Amino acid sequence: MGRHDLPDITAAAVVFDWDGTAVPDRHSSAGAVRRRVERLCSLGVHVAVVSGTHVQNVDGQLRARPSGPGRLLLATNRGSELFEVEPGGPVLRERRWASPLEDAGLDKAAADLRQQLSAVGLHTDVVTRLNRRKIDLIPDPDWADPPKARLTELLVAVTRRLADAGLADLKDVVCRATSAAVGAGLADPRVTSDAKHVEIGLTDKSDAMRRLLRELWQVGVGPGLVIVVGDEFGSLGGAAGSDSFLLVSRARRATVVSVGAEPCGVPPGVTHLAGGPATFLALLDDQLARHRHRRVPGVDRDERWTITQAGDDPVRLRVLETLFTLGAGGLAVRGALDAPSVPVLRAAGVYHQQGSAQRLLPGPDWTHVRLRPRPKEVVQVLDLRTGVLLREERELADVGRPVRSLRFVSAARPGTMGLRVEAAAHRLAPGTVFRAPEGLPMAQGRVGGQRWARVASDLGGGMGAVAQQAVSQDGDLRCVERLVVVTSHRRRQPDLGLDAASDAVRHGFSPLLAAHRAAWARRWSSAGASLPDDPQLERALRFALFHLWGAIADADELAVGARGLSGPGYSGHVFWDADVFVLPAVATIDPAAARAMVRYRLHRLDPARARARAEGRHGARFPWESAASGDDVTPPTVRFGAEPTPVMSGRQEEHITAAVAWGVLREAAWGGRRLQPGSAELALLRDTARYWVSRCTVDADGAAHITGVVGPDEYHEAVDDNAFTNVMARWNLRAAAAAVSRRAASPDEARSWLALADALVDGLDASTGLYEQFRGYHALAPVLAADLAAPPYAADVLFGRQRIAATQVIKQPDVLMLHHLVPDEVAAGSLLPNLAYYGPRTSHGSSLSPAIMASLLARAGSPDEALSFLRMAAQIDLADAHGMSAAGLHLAAMGGAWQAVLMGFLGARVRSGTLLIDPVLPADWGSFEVRFRCLGHQLRVRVDRQSTEVNVEGRLRVGVGRRPPRSVTGTFVVDTTVGRRDSSRRGAEEAPCRT
Ligand code: IFM
């Protein structure tokens with residue numbers, strides 16, 4: 001057996017059987033295994049032993065004491081125990097205890113079997129072990145403790161004994177044992193045989209394997225990253241080999257190797273290498289060599305968690321660059337291949353240039369390596385579960401070994417990034433690490449073995465990167481490894497991360513990757529959705545959450561641009577997308593990052609005040625597009641074809657001011673925080689209210705108006721009394737009056753806000769519940785969106801701005817946005833008539849549109865229609881539905897999609913420190929489960945057709961459906977059958993809490 005026979009995978013975990021696989025017998029030295037296990041663990045590889053015997057036997061022989069970061073687990077007593085080895089020795093993590101009834105059942109089953117065998121003249125012994133009884137079929141001193149090397153001989157001896165007693169084979173005894181166990185009242189007996197014994201037990205190695213896979217999953221290691229090694233996968237005398245129990249269905253993507261004799265062959269999917277413990281050691285050596293040679297690690301190709309794309313269409317590749325962006329800690333690397341067309345590295349909030357030309361500063365590109373010939377067709381796999389991007393060239397006969405690469409942007413150590421590339425040595429030249437972003441000077445140099453680069457912004461800020469490159473050779477393969485630490489600062493040149501880079505090098509690529517995988521696994525256990533009946537949507541939602549996490553950070557402040565950090569679209573400018581689409585989603589997955597988003601606005605209150613002043617108004621007016629300073633950076637024109645067209649949003653989309661205030665209160669409410677007197681949040685609420693006071697005009701009848709605005713529907717400009725703007729202003733005034741203390745505003749001022757709020761016209765026809773989008777809207781040409789084209793489409797681009805402005809076709813929810821954001825500010829019962837009226841008039845020309853429709857339709861009791869909009873929203877970038885994804889991800893659609901799940905389908909609301917939920921299920925889903933953060937607690941909610949199960953970490957007031965909210969902890973189940981109304985078998989309050 002040569003190295004080329006060993007599996008071509010650099011695994012993240014190795015699970016192996018002990019006796020016969022790792023060691024020849026229980027008495028031999030295991031020093032060689034110990035050294036390799038400890039080394040693997042030091043590289044971040046997790047190691048697990050599965051054995052039928054007890055922990056003292058395995059640990060006594062192995063005596064490994066790894067100091068991490070990889071874990072060493074011992075699954076002993078045939079699946080009944082799990083130990084983790086710590087510096088002081090194995091520590092019990094879990095043990096299955098038989099009940100007295102089960103113990104009695106095991107005794108009875110063993111006695112019955114023994115009696116049956118004795119009746120045919122076969123003398124046996126029974127050995128009692130934890131949760132099992134071993135019936136020794138050959139209690140002969142010669143076969144007291146046979147080494148695995150004598151397995152074939154043993155099998156012959158046992159088979160002969162059985163035949164002498166008139167028994168067919170081992171399988172015959174296993175069947176009798178199973179019947180005896182069932183007869184003894186054991187519900188789920190596990191019967192196994194190692195040829196010498198037949199064991200009747202409560203657990204087997206499948207339990208061990210399932211438990212280990214769970215442990216590994218929790219540290220970001222899926223089955224596809226696991227090598228499983230045993231020596232008895234094939235049958236033994238007709239009975240299943242003891243290691244065949246490792247082949248549980250969840251392990252189907254694992255690489256399975258047998259080093260045993262396997263006299264009856266191995267099952268499909270198992271690679272038979274034979275050679276016993278010597279082969280096992282060679283396999284461990286190969287894994288160690290792969291790390292030493294800096295080979296590209298594997299990825300678990302789980303369809304529910306990976307986005308796989310192949311092809312070389314240059315247009316599609318630009319889109320894939322966006323989709324495969326990796327981000328963490330406010331830094332992101334676009335998924336460019338070897339010839340990037342747009343900047344690769346960006347940092348949140350680090351802008352460059354002045355005025356509306358202001359854009360995110362591109363940092364030094366550290367991802368490029370020289371490959372000749374260049375790969376023609378590459379398969380790219382983005383693993384959403386562990387945040388890595390794998391690339392693999394489809395094998396090309398003329399150039400030998402395919403190119404492979406893997407990169408990650410560490411979620412565990414913000415700023416640290418890693419790349420490995422391997423290819424036939426003659427094709428791969430590591431080249432210089434850093435390339436300057438196009439059109440910008442880049443300083444670079446070396447300090448010791450490290451290279452550094454800096455790019456400066458003309459606004460004073462900058463980005464720096466320090467890299468350590470290492471090249472190694474593994475046979476005919478060359479491997480290049482880069483560990484990079486990126487630093488950034490908004491206002492000054494950042495310190496280079498020299499120490500952090502040295503630290504990263506000290507840790508090494510593999511341990512850093514292991515920590516990164518584990519950090520992602522923690523994220524997914526705290527937030528996400530499981531849709532068992534809708535795997536495609538489930539993955540699309542994971543893609544959305546993946547990119548939301550990639551764009552945010554727990555920082556002093558966080559600017560989230562409309563396209564995050566994934567592309568040049570909208571130059572990284574911050575719109576209302578951040579406040580009302582992204583922030584509510586972020587508050588449920590990373591509350592600290594949501595606060596950082598709010599701080600971005602709070603820190604720009606002064607420029608907002610200055611703008612209001614400059615326009616002769618009071619208070620604070622926030623800019624439609626915001627970047628470094630908080631001044632308005634909306635471009636005055638855009639090109640629609642040849643002609644520059646004026647952009648009115650900068651001057652007229654004033655609803656942003658209320659949206660900012662809404663975001664501030666939303667974050668506080670969802671985070672369970674009271675706004676403190678004297679806080680910047682209250683100052684913002686007060687000053688936005690003051691802005692509306694100075695912005696409204698009151699007519700002779702005492703009615704207040706806001707004229708000359710653009711609402712969310714940007715097809716109609718300079719309109720008067722846009723319902724959305726007016727009602728949001730009204731909400732802003734009322735919210736400020738309720739929150740702002742006497743010190744911040746006098747009671748008279750607060751009363752004047754309330755009076756103005758009451759006076760603001762809102763276009764409601766009380767008889768129909770319909771809001772007129774703006775004054776004169778109903779008089780426009782009554783064209784429906786579908787009359788012109790099949791939505792979604794950009795009506796202004798397709799049919800001309802003037803023409804569309806004369807019709808009732810709208811770009812995105814406008815009036816309906818009120819029902820989403822401020823349902824208490826709109827007339828009771830007005831959702832349905834407005835959905836019925838505005839739904840058909842909406843072209844969904846904005847990526848922001850479908851998610852809101854999904855959310856509202858779910859609340860309106862139309863979950864099936866809602867689901868088709870949710871699918872549309874979740875596919876916006878994956879399917880490049882707007883043809884704009886090459887310029888970056890549509891983060892608002894992603895935040896909107898997650899809101900549609902939580903606020904729409906789950907019906908989650910926070911009211912006065914209480915979480916209210918009111919779930920609905922579309923016909924296509926039998927159930928769904930969501931995990932999220934709310935009010936400082938971790939929640940998991942599972943909804944099916946009969947019930948809603950809520951799990952709360954800690955104690956929280958929760959209301960389900962129309963039941964009165966109760967303070968609950970742990971898990972409670974509410975019967976929510978039939979419309980989830982009042983048909984409870986047992987209410988949340990009566991249901992026992994399972995903690
Ligand atoms: O903020 C949005 C706006 O609502 C529609 N046009 C695109 C902007 C940025 O995403």
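Throughout, residue positions are numbered sequentially from 1 according to the sequence presented. Note that ligands are numbered from 1 as they come in the structure, with each ligand's atoms numbered from 1 the same way. Note that this is a predicted model, so its numbers are computed, not measured.
Residues F581 and W576 place their aromatic rings such that the two centres sit under 6.0 Å apart.
If you run salt bridge (Lys or Arg N to Asp or Glu O under 4.0 Å) between E615 and each of R651, R621, R695, only R621 comes through.
In this structure, ligand 1 sits under 4.0 Å from heavy atoms belonging to A562, Y570, F575, W576, D577, W624, E714, K811, Q812, S846, L848.
With salt bridges taken as basic N to acidic carboxylate O contacts below 4.0 Å, none links R599 and D556.
With no hydrogens or angles considered, a side-chain donor-acceptor pair links S846 and Q812 at under 3.5 Å.
Taking the ring axis of Y837 as reference, the NZ or CZ atom of R841 stays within 45° of it and closer than 6.0 Å to the ring centre.
Not a single side chain to side chain donor-acceptor pair (under 3.5 Å) links T842 to another residue, sequence neighbours left out.
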